[in-house]
Structure formats: structure tokens, C-alpha cells
Amino acid sequence: MIDLEEGAALARLTTIGTGGPARAFARPETEAALEQALAWAAERGLAVATVGLGSNLLAADEGVEALVLRLGGELASVTSDCERLSAGGGATNAVCLHHARSAGLGGFEFACAIPGTAGGGVWMNAGAYGSDWTAILVRAFVVTAEGSGWLTPDELGLSYRHSNLRHGQVVARVEYRLRPRPPAEIKAEVAELIERRKATQPTNKRTFGSVFKNPEHELGAGRMLEACGLKGHRIGGAVISPMHANFIENAGEATTADALALMAEARRRAREQFGVELQHEVELLGAIELPT
Ligand SMILES: Cc1cc2nc3c(=O)[nH]c(=O)nc-3n(C[C@H](O)[C@H](O)[C@H](O)COP(=O)(O)OP(=O)(O)OC[C@H]3O[C@@H](n4cnc5c(N)ncnc54)[C@H](O)[C@@H]3O)c2cc1C
């Protein structure tokens with residue numbers, strides 16, 4: 001029988017460090033355990049949400065009425081064969097990159113500063129430096145209470161920071177197609193990209209990455225919010241990063257409500273000053289929405 005924890009704090013599972021309790025929490029380590037957990041939730045009519053590193057997640061302060069899963073063990077393992085890298089949905093990008101470099105496989109360098117997992121990367125179609133998951137993903141093995149199967153990027157509906165995946169569909173494994181590259185070259189490129197990151201983004205603060213998607217406008221979301229004078233703007237314990245205005249930092253005792261209030265204010269200001277309706281990139285978990 002799978003181990004279930006009641007009332008696990010989502011604040012421990014998100015990089016911003018906010019969020020109330022999950023109705024139930026489990027860490028399946030095999031496909032069989034994952035199927036068992038999904039069946040347990042289905043029998044009770046309980047929703048299922050999978051979290052990776054929680055690096056693009058804002059969870060309700062009141063908690064989430066769902067079985068929350070975090071994949072481990074086999075479901076976070078990484079192997080490679082020729083130019084294919086196979087990663088469990090819970091494998092972190094850092095571990096995938098390390099494995100790829102050791103195997104002399106390039107193409108994953110763009111993800112070096114994205115602190116998520118393979119499953120979160122598919123869900124978000126995460127990307128940076130002109131590349132994203134569509135550039136490397138061959139297929140993803142998706143498990144649900146009704147059955148499982150491999151889906152291609154087209155079937156997953158990947159577009160800019162978007163997929164068609166819905167809660168209850170668990171990305172248990174992915175296959176990436178990479179290409180031979182000397183490890184020293186990979187190492188040098190990664191070092192350079194990480195230095196660039198540190199110079200422009202608050203990588204040492206508790207955040208959930210980009211708050212808003214970049215709009216179709218000459219200014220990106222960060223520059224737009226900076227022009228609205230929002231850098232350093234604070235509500236409760238949440239602050240718009242003084243370094244990059246498209247990040248919200250947890251400056252102490254921030255709550256999800258604080259972050260949502262800041263997001264609503266940022267959206268209002270962008271609408272007033274630029275006539276642009278910003279769309280949030282961060283995923284909202286639980287009974288919360290962005291106030292209008
Ligand atoms: C400092 C910082 C920098 C960042 N930089 C970037 C960047 O450059 N580019 C970028 O795109 N993003 C960036 N992000 C955001 C984030 O890291 C990415 O979106 C990442 O892909 C999210 O992965 P995760 O595993 O943390 O997913 P989570 O945040 O845990 O979850 C995100 C969504 O994916 C779903 N999910 C997660 N795992 C699974 C799974 N196995 N099966 C099904 N659904 C799943 C969740 O339910 C949720 O809806 C950054 C975040 C931080 C904190």
C-alpha cells in the first residue's frame with residue numbers, strides 16, 4: 001500500500017515557500033505505486049495534482065483539496081542510450097544536465113538555469129535563451145487513472161509556456177533527443193549562461209520564476225513592469241524584485257494572497273500604462289485566481 005501523508009504543507013513543496021496543506025500527499029517511486037495512488041484518489045473522487053520542484057507554482061493559502069504527488073525513485077531516474085536521454089518525470093533538470101554532460105550529449109544547456117523537473121518542463125514547455133522543451137522532447141509517458149501512453153509534443157499541444165496537460169495526467173517519463181558534444185564545451189556554455197542569469201535575475205531569492213508571460217509588445221513583461229515603477233513594490237511579505245520586475249520575492253512571511261495581490265496590482269498598472277493585459281505564467285494550484 002502506498003504511503004500517504006495528510007496535510008503536508010505545500011509551502012515546503014514550492015520554491016516561493018507559500019501554500020497551505022494538501023489534503024493528501026504521496027511520493028510514488030515506481031509506475032505501479034503511481035497507478036496505485038491514482039486509483040486511491042479516483043475511488044474517493046479526489047483530484048490529483050503533481051508537483052515537480054514547485055518552481056513555477058503558487059498554491060492556495062487555504063490548502064488544496066487534492067492528492068498531491070511528487071515523483072521519486074525510478075520515476076526520477078535518468079539513463080541515456082546513444083543520443084536519447086530518458087528521464088523520470090521527477091528528475092531535476094540539474095541531474096539531466098549532469099548526466100547529459102557526462103555522456104557527451106549537448107542540447108540541454110539552455111535549461112541549466114531552469115530549476116525544475118522533466119515533468120514540470122513538459123507541462124510548462126519551459127524554455128530559455130531561444131530554446132524550449134519542443135527542441136529536445138521526443139515523447140512523454142503520461143499516466144492517468146484511466147490508462148497510460150506515450151504522447152508526442154504535437155499531442156501534448158506544446159506552445160509558448162503552455163501544454164494541454166491537465167491535473168490527473170502525470171508525466172512519468174520523458175525522452176529527449178540530444179546530440180554529441182564534448183563535455184568541456186557543454187561545461188563552458190553552462191558556466192557562461194549561469195553567469196548571465198546571476199547578473200540579471202534574483203537567483204538567490206525565494207521566487208517562482210517569471211510571474212507573467214512576455215506579451216506581444218516591444219517591451220517584455222519585466223521591462224514593462226519596471227517602467228510602471230513597480231521594482232521594490234511590496235504587499236505584506238511579497239516584493240516585486242528590485243533586480244527584475246517580472247519576479248516576486250518572498251521577503252519574509254509572504255503568503256500566496258500577498259503574491260496574488262501584487263500580481264493584480266502589476267496587471268492593473270500594465271493595463272493602465274500600456275493597454276496590455278498580462279497573462280500569468282505561474283501555475284495556480286487550489287481554489288485561487290488572480291483578482292481582476
Ligand atoms: C529562479 C527561477 C528561474 C526560472 N527560470 C525559468 C526559465 O528561464 N524558463 C522557464 O521556462 N521557467 C523558468 N522558471 C520556472 C520553472 O522553473 C519552470 O516552469 C519549470 O519547468 C517548472 O518545473 P517544476 O518541476 O518546478 O514544476 P512545478 O512548478 O512543480 O509545476 C508546474 C506545473 O507542472 C505540473 N507538473 C509538474 N510536474 C509534473 C509531472 N511530473 N506530471 C504532470 N504535471 C506536472 C504542475 O502540476 C504544475 O501545473 C524559473 C523558476 C525559478 C524559481
Side-chain angles (χ1 to χ4, degrees), residues 1-79 86-96 114-124 126 139-151 156 163-175 206 208-209 256 282-288:
M1 181 52 208
I2 180 156
D3 263 352
L4 288 163
E5 185 184 334
E6 274 179 41
L10 285 157
R12 285 197 285 116
L13 301 175
T14 57
T15 52
I16 183 84
T18 67
R23 162 83 179 280
F25 175 65
R27 293 177 185 268
E29 299 200 341
T30 61
E31 203 184 315
L34 172 58
E35 283 168 358
Q36 229 178 40
L38 292 171
W40 179 89
E43 277 162 24
R44 287 156 183 79
L46 196 58
V48 174
T50 311
V51 299
L53 283 190
S55 63
N56 210 197
L57 262 191
L58 202 44
D61 292 319
E62 294 70 30
V64 175
E65 189 57 22
L67 168 62
V68 173
L69 301 175
R70 179 172 260 183
L71 310 183
E74 274 173 29
L75 300 177
S77 66
V78 182
T79 59
S86 166
T92 62
N93 298 336
V95 167
C96 290
I114 305 180
T117 60
V122 175
W123 180 293
M124 299 302 304
R139 56 184 190 158
F141 189 67
V142 176
V143 180
T144 71
E146 290 79 40
S148 53
W150 289 98
L151 297 180
L156 289 158
S163 70
N164 292 337
L165 286 167
R166 292 290 166 266
H167 289 304
Q169 291 181 289
V170 183
V171 176
R173 184 149 288 277
V174 308
E175 278 182 17
R206 283 186 290 166
F208 46 70
T256 289
V282 60
E283 288 290 319
L284 305 181
L285 190 60
I288 47 173

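Computed from a predicted structure; not experimentally measured.
Within the 4.5 Å cutoff, side-chain heavy atoms of Leu71 are placed close to those of Val170. Taking 4.5 Å as the limit, some side-chain heavy atom of Leu285 sits within range of a side-chain heavy atom of His167. Looking at heavy atoms from C-beta onward, Phe208 lies out of side-chain contact with Glu283 at the 4.5 angstrom threshold. The shortest distance between side-chain heavy atoms of Leu46 and Glu65 falls below 4.5 Å. The shortest side-chain heavy-atom distance between Thr14 and Leu58 does not fall under the 4.5 Å cut-off.
Between Ala140 and Leu156 the shortest heavy-atom distance is CB-CD1, 4.0 Å. In terms of heavy atoms, Gly19 sits closest to Asp61 at N-OD1, 4.2 Å. The minimum heavy-atom distance linking Leu4 with Ala26 is given by the pair CD2-CB, 3.8 Å. Heavy-atom minimum distance, Val68 versus Ala22: CG2-CB, 3.6 Å. Here the closest non-hydrogen pair linking Gly286 and Ala60 is CA-CB, 4.3 Å. Residue Pro21 comes nearest to Gly7 through the heavy atom pair CB-O, 3.6 Å, listed as atom of the first residue, atom of the second, then distance.
Between the Ser86 side chain and the Glu175 main chain, no donor and acceptor come within less than 3.5 Å of each other. In terms of modelled atom types and a separation under 3.5 Å, the side chain of Arg27 and the main chain of Gly73 share no donor-acceptor contact. Side-chain atoms of Arg70 come within 3.5 Å of backbone N or O of Gly52 as a donor-acceptor pair. Checked by atom type and distance alone, the side chain of Ser77 never pairs as donor or acceptor with a backbone atom of Gly88 at under 3.5 Å.
By the 6.0 Å contact criterion, CZ on Arg139 is enclosed, its count of non-hydrogen atoms from other residues, nucleotides or ligands being greater than 12.
From Asn164, atom CG reaches atom CG of Leu151 across 10.0 Å, with rounding to the nearest 0.5 Å. With rounding to the nearest 0.5 angstrom, the CG atom of Asn56 is 10.0 Å from the CD1 atom of Ile114. With values rounded to the nearest 0.5 angstrom, Glu74 atom CD is found 11.0 Å from Leu34 atom CG. Taking CD1 from Ile16 and CG from Leu10, the interatomic distance works out to 14.0 Å, rounded to the nearest 0.5 Å. In this structure, the separation between CE on Met124 and CG on Leu57 is 8.5 Å, given to the nearest 0.5 Å. In this structure, the separation between CZ on Phe141 and CG on Leu75 is 10.0 Å, given to the nearest 0.5 Å.
The side-chain contact (heavy atoms from CB on, under 4.5 Å) with Phe25 is formed by just one residue from the set Leu13, Asp3, Leu69, Leu67; it is Leu13.
Judged by distance alone, the side chains of Thr15 and Ser55 never bring a donor and an acceptor atom under 3.5 Å apart.
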